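Inspection log for the structure reproduced underneath, given as structure tokens.
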There are 2 protein chains.
Amino acid sequence: MPKAMPNHSGRMADETCPVCATADIICGKWTILVIRDLAAGRTRFCELERSLAGISPRTLSLRLRALEEEGMVERHSFPEVPPRVEYSLTEKGQALLPLIEDMRSYGKEWLKVCSEARASVAPVAA
Amino acid sequence: MPKAMPNHSGRMADETCPVCATADIICGKWTILVIRDLAAGRTRFCELERSLAGISPRTLSLRLRALEEEGMVERHSFPEVPPRVEYSLTEKGQALLPLIEDMRSYGKEWLKVCSEARASVAPVAA
DNA sequence: GGCCCACGCTTCAGTTGGTGAAGCATTGCG
DNA sequence: CGCAATGCTTCACCAACTGAAGCGTGGGCC
């Protein structure tokens, strides 16, 4: 009997709720950012490590594995030395890109509002 | 020097990246679902506890507090017995609703694909 | 030959976030 | 009296994420 959802583990309340389903996919701390960076095309582990400044290799490894299991990313491994592994988005993974674009536009607006708020408060405090 | 973002703690790599900013806001496990439920209007603590079946009161309390700090939700407390507290989305919080709608449509599609995959695999295995 | 580097990880011990169960304060109801 | 209801908080625990270190392999450097 196949499990309904190939997600990590700590599952949301309602398995049939689409919002929960999506939340479950992207709720890992770095998941969305991994996908964002993978959107540029095939990317190597160390490139991701660099662009996701601050991620631990363990976490990146776990995220990539989980995303692979979920069918969001594909792994292309080359038996060279030093080893080379490239990751890319599957179609399913690409489907998340519009969502990420929305997050970008929301975040942009939000950062703008925040900086305006700071600009209008700081002078008074100073 | 005021902090750029009033987010919880474990901050993302690039503070100026809009995707990170949004990810930072919604990456808490239940955050998006709290906002989803708050979208219906003023909601009490225990109502949220019920609709978010499975959330611990501690987590709900923490999420609501964090969202309040971030200016996403408003708290309306009535000094009655038993106590009554209602939560609602601020304008800033409402701005997240389109994002949630996108998550809903993505999740819907994804659940559909999953169930189709199961339907086409299960009979073979059985 | 000996040494270090690069890469894609894994292992380790420690911190943070979320969990279920229980408790607290208040007061009306039976 | 004892219990229910509400909005929490506290507790001990588990799972996720962290930084630092290690591993295996072979190539470049000296």
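Because only heavy atoms are used, hydrogens play no part in the values below, and waters and symmetry mates are left out as well, while side chains stay in. Proteins get letters first, then strands, A, B, ... in listed order; numbering begins at 1 in each. What you see is a predicted model; the values in this text were computed from it and never measured.
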For Gly107(B), is there any backbone N or O sitting under 3.5 Å from a side-chain donor or acceptor partner on Thr22(A)?
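The answer is yes, because a donor-acceptor pair under 3.5 Å joins these two groups.
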
Is there a donor-acceptor pair closer than 3.5 Å between any side-chain N or O of Thr90(B) and the backbone N or O of Met72(B)?
yes

Nearest whole Å is fine: how far is [N] [atom2] from [X] [atom1]?
X: Leu62(B); N: dT16(C); atom1: CG; atom2: C1'; answer: 12 Å
X: Lys29(B); N: dA16(D); atom1: NZ; atom2: C1'; answer: 11 Å
X: Leu60(A); N: dC17(D); atom1: CG; atom2: C1'; answer: 13 Å
X: Phe78(A); N: dT25(D); atom1: CZ; atom2: C1'; answer: 18 Å
X: Ile26(A); N: dA16(D); atom1: CD1; atom2: C1'; answer: 17 Å

Using a cut-off of less than 4.0 Å, is there contact between a side-chain N or O of Ser56(B) and OP1 or OP2 of dG20(C)?
no

Is any side-chain N or O of Trp30(B) closer than 4.0 Å to OP1 or OP2 of dG17(C)?
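The answer is no; no side-chain N or O of Trp30(B) sits under 4.0 Å from OP1 or OP2.
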
Under 4.0 Å protein heavy-atom contact, by nucleotide of nucleotides 1-8 of chain D - B base, S sugar-phosphate only:
----BBSB

Tell me whether Glu91(B) at atom CD has more than 12 heavy atoms from other residues, nucleotides or ligands lying less than 6.0 Å away.
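Atom CD in Glu91(B) is not packed in, count stays at 12 or less.
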
Do Glu101(A) and Arg104(A) sit within salt-bridge range, that is, some charged N less than 4.0 Å from a carboxylate O?
yes

So, Arg50(B) and Glu47(B), do they make that salt bridge, N to O below 4.0 Å?
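No, Arg50(B) and Glu47(B) are not salt-bridged.
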
If the test is side-chain contact (heavy atoms from CB on, under 4.5 Å), which one of Thr31(B), Leu52(B), Leu97(B), Leu96(B) qualifies with Arg36(B)?
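That would be Leu52(B).
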
Counting only distance, no hydrogens or angles, is the base of dT11(C) paired donor-acceptor with the side chain of Arg58(A) under 3.5 Å?
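Between dT11(C) and Arg58(A), which were checked side chain against base, a qualifying N/O pair under 3.5 Å is absent.
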
